[in-house]
Amino acid sequence: MLKVKLGGTLVNKAGGRTEFEVEGANIMQMLRNLGRTCPELEPMLQKGVSVAVDGQIYRDAMLQPLGPENEIILLPRMAGG
Amino acid sequence: MPLDANTPDLRTEFKSVGTRPNRPDGVDKVTGRARFGADFALPGQLTGLILRSPHAHAKIKSIDTSAAEALPGVKAVITYKDIPEQEGCDKDVLVNIMARGTALYDGHAVAAVAAVDASVARKALKLIKVDYKVLKHVTDVDEAMKPDAPVLHPGRFEPVDFSTLENAAHVSGKEERKTATRAHSNIAGRYVFGHGDPDKGFKQADIIVEHEFKTEATHQGYIEPHACTASVSSDGMAELWVCTQGPFMVRDVCASLLGMDVSRLRVTPSEIGGGFGGKTTVFIEPVALALSRKAGKPVKVVMSRSEVFRATGPTSSASMWVKIGAKKDGTFVAADAVLKYQGGAFPGSPVEMGAMCAFACYDLKNVRIVGYDVVTNRPKQAAYRAPGAPMSAFAVEGVIGEIADKLGIDAIDIRLKNAAKEGTVSSYGPTFGPVGLVETLEAAKAHKNYKVKLGKNQGRGVASGFWFNFAGNTCVSINLNVDGTLALALGTVDIGGSRASMCLMAAEELGISYEDVRAIIADTSSLGYNDISEGSRVTFSSGLATIKAVRDLKVKMCGRAAKIWGIPEDAVKWENGAAHPAGSNAGNFPPLSIKEIAAQASATGGPLAGHYEINAEGAGPSFATHVCDVEVDPDTGAMKVLRYLVVQDAGKAIHPSYVEGQFQGGAVQGIGWVLNEEYFYGKDGTLQNAGFLDYRIPVCSDVPMIDTVIVEVPNPGHPYGVRGVGETSIVPPLACVANAVSDAIGVRARTLPMSPPKVLAALEGVAASKA
Amino acid sequence: MSAVHVSTNINGDDVEFVCRPDESLLDVLRDRLGMTGSKEGCGTGDCGACSVELDGRLVCSCLVMGAEVGGHKIETIEGMAQGDKLHPLQQKFLEHAALQCGICTPGFLVAARNLLERNNDPTETEVRYWLAGNLCRCTGYDKIVRAVLDTAKDMRKAAAKSSAKKASAKKPAAKKKAAPKKTAKKGARHAA
């Protein structure tokens, strides 16, 4: 089981829930299962999110492996100047 | 891909990296030979000009182009009808490049012409008749959030009802509760970050400081206006030469807006005359392509400076409330903030990033930030160097400055006491890896500038700043030439000397001379997809890909040496620009230099090249601390920056001169933001200062030398430890200068810019309250 | 509008062109003569990216009409290097990394050369005020000012060397040209 925390707007979309437990071996699977667990999040997940894994922010690396030991935080998609 | 055995994961000893050679594009740029966006010309090209709305908000009842079309020399006139909406395109970008039914801001494009020369094109613009019905407008972020404000996009955004928010999972800040209780429809998004319980945290505080702050929109102010030349032939094949931070983005977005196959459009980036985030989207490019498609001839479109100000991205203006509680010893116990950023006529202000950066420098147990993305009748904001971060840092660092003053604690000491470090749970969620904020604070404290004695009306300010840094899609090719020199093809536009850095990294990795590598920026048909040059990602991402592409090439060159010697491939190692037998067991062969391998390439299996494609991750954040001394003239309110120090973590400085240049340039842009720069709107909602005379960016005589200290806390995500450096440097200056002014004359500036009349008024206020 | 025929001299070469009366010298240089080294950053004389010398005087070429340069001498960035030998300022700009994007660089170089021709020993403040009519958004000006000051130092050394040589050859010392007093520079340079 992965522990996934939500940040930013995502919390509002999930009806105030900030933490989820979902299955998944990588970011893609985690996001897919999260969308099933919380369908309200699906539109945001489709739009694109960033995922912080142990402090490292991933924007697109869907195949990044995940495990129960990881700190996983969903953040809004970000861009720079 | 295998690394050769003698390459450590994180290199710490360097020969080329860290030196300061002349840049490869340098001679072209000092002789005027370098070709920028407006320097391209094609035979038979037409001049394209764009007609823009003179109103801040207006219904477009009709557009009559017949008289313009009839003018001799006019080859095409287009309106939104010539750019029909394509399935799946970005509707906001489509509407922004050409108004569809409603003009949403002063300067919004309404029609465009292509004519034989500029004189005819100007006449044609005057002949286009647009029938407007002027609507009520709003340009201020707080005004736009009021329930009775004119609504820009009726029905588009879910109305936010403040009365319900108090019971929501994240109770909003004070400002939110007091503003209103009715629904608002210009709010495109509401974002919440933080952890712990600020309300409880504030109860432990010995001192609480809270204030409201406002900053005006500022423009990126690149000296080169947007320019492009488009050529679309009758079979739909198209070429575009353009100054942009992202040629692949331009290609994909234009193809999507115009309904073209991506393969039909080849985009060649010119040299770019500054971007700072402002050239990360499209404005004139799809218009030029549409004009060329209709006219059947090449069309060149170059913006005037006034168009750049009116119709391209400034950054957001912001209205903020920040509250911080601290113990007597300076330990922060709680922090709370509400940030409202207007992003112009479309959603997408950088308020989320502003919210995430606001308290990122500090280790806080109880923190909450609520952000609002608000639309107004202004041009659509575009990214500007650390988008969103300078404004929230201005408010937060200002409050921290005041707490330090009130507690009598040194400005650097209070930051050291609360500084985020490895293992700190950041205010936006993730836990930090190795970061260098403490190191920048310590270096700033030790610097000679921090010890200079100040005179009358002089003051010193300190502020810190944070930026995430990004990585992203990157693709690099390196080709071994017949004489052993190398051609390095990059897909990230070089804004500030990155070709030099790439050549240094390639030379380092190969153990050859910097001069033996030539780097070019490839067009979109010559190299795989690369993300935009943005987010301080180029030296990190393209550098990483260059190093990995070179390693790919080294493996191949070692393979050739193995074949020549008749030994196994893993018995060959690369060292000092040559293949060597890996040990005495491998055999006793004299080394094969890169030149020798290159000369035999054809005979030993064909051309040699290295490639690397990656969606890079692992760009480490960069923290900075700035220290500034100012002198304020109490009679005029004018101020002079006496000294300015930038200390920033670069991870590893590949070409230190250009790292310093990023530090200095960002600092001076920030100084402009705090002293002079602002978007100034008239009562009619039109921009009043669309030129460099009235929108005053810092000139040479406004600033002193900018002292720099490069801190190097290696980023474990890069083989040489590189962190991006381009953006963090603009985050601290707003608060840094404001804190210095406060130290000088006891006036706390909470509204930017702090132009002389404002400083003078504040000074008179202080004098009056004392009298 | 009928076109105007103009005979002028650019970077030492006699040049003839025709232009419309509403074209600026910058338009002529860039669009008619293909000399795109001078840049247009504003078109209103505020950014200095189009700086050229007109009869030795520093001007913004966007504020000079093309039709009025007949019989005058114009120096642009394209004439700054002599063959393959860079002007000392060009060399120092490279060594000091005094450019990032490079769009303002031609204007800065033309303006800085004009300063050093008048005054080969400027103070930092004099350099900063002289270059206040040239905008740079990338560098924060630090490295540009250092490059100009460093060039001036080298030029003085070279001048001292050559005058010492001349003195040792017992030739009469060259008349020292007095550096003209600088007045309100920004106003002066913008008046065509």
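Within every chain, numbering begins at 1; the chains are lettered A, B, ... in the order of the sequence lines, protein sequences first and strands thereafter.
- Heavy atoms closer than 4.5 Å to chain C are found nowhere in Pro21(B), neither backbone nor side chain.
- Across Gly32(B), Gly665(B), Ser701(B), the residue that shares the most heavy-atom pairs under 4.5 angstrom with chain C is Ser701(B).
- For Ser304(B), no part lies under 4.5 angstrom from a heavy atom of chain C.
- Only the backbone of Gln220(B) comes within contact range of chain C, judged by heavy atoms closer than 4.5 Å.
- Only the side chain of Asp117(B) comes within less than 4.5 Å of a heavy atom of chain C; its backbone N, CA, C and O stay farther away.
- Residue Thr139(C) touches chain B through its backbone alone, counting heavy-atom pairs closer than 4.5 Å.
- Ion pair Glu677(B)/Arg137(C) flagged as a salt bridge, since at least one NZ, NE, NH1 or NH2 atom sits closer than 4.0 Å to an Asp/Glu carboxylate oxygen.
- Interface residue Leu94(C): backbone and side-chain heavy atoms are both found under 4.5 Å from chain B.
- For Gln90(C) (side chain) and Val30(B) (main-chain N/O), a donor-acceptor pair under 3.5 Å exists by modelled atom type.
- Rounded to the nearest 0.5 angstrom, Leu135(C) CG and Arg696(B) CZ are separated by 9.0 Å.
- Taking CZ of Arg33(B) as the start and OG1 of Thr36(C) as the end, the distance is 11.0 Å to the nearest 0.5 Å.
- Contact of Glu40(C) with chain B is made through the backbone alone, with heavy-atom distances under 4.5 Å.
- Taking a cutoff of 4.0 Å between a charged side-chain nitrogen and a carboxylate oxygen, Asp22(C) and Arg122(B) qualify as a salt bridge.
- Listed options Met80(C), Lys143(C), Glu124(C) were ranked by heavy-atom pairs under 4.5 angstrom with chain B; first place goes to Lys143(C).
- At a 4.5 Å heavy-atom cutoff, the contact between Ile706(B) and chain C is made by backbone and side-chain atoms alike.
- Contacts of Glu271(B) with chain C are absent, with no heavy-atom separation under 4.5 Å from either backbone or side chain.
- Looking only at distances, a side-chain donor or acceptor of Tyr141(C) sits under 3.5 Å from a matching main-chain atom of Pro698(B).
- Heavy-atom distances place no part of Phe663(B) under 4.5 Å from chain C, backbone and side chain included.
- Considering only heavy-atom pairs separated by less than 4.5 Å from chain B, the leading option among Gly37(C), Ser38(C), Cys138(C), Gly41(C) is Gly41(C).
- If you take CG on Asn134(C) and CD1 on Ile223(B), they are separated by 9.5 Å, rounding to the nearest 0.5 Å.
- Neither the backbone nor the side chain of Val308(B) comes within contact range of chain C; no heavy atoms are under 4.5 Å apart.
- Proximity to chain C involves both the backbone and the side chain of Ala38(B), based on heavy atoms less than 4.5 angstrom apart.
- Only the side chain of Val668(B) comes within less than 4.5 Å of a heavy atom of chain C; its backbone N, CA, C and O stay farther away.
- Look at Asp39(B) and Arg30(C) and you find a salt bridge, because one of the NZ, NE, NH1 or NH2 atoms lies within 4.0 Å of a carboxylate O, short of that distance.
- Remark: Asp494(B) CG to Gln100(C) CD distance equals 10.0 Å, nearest 0.5 Å.
- Of the two parts of Leu86(C), only the side chain, counted from C-beta on, holds a non-hydrogen atom closer than 4.5 Å to a non-hydrogen atom of chain B.
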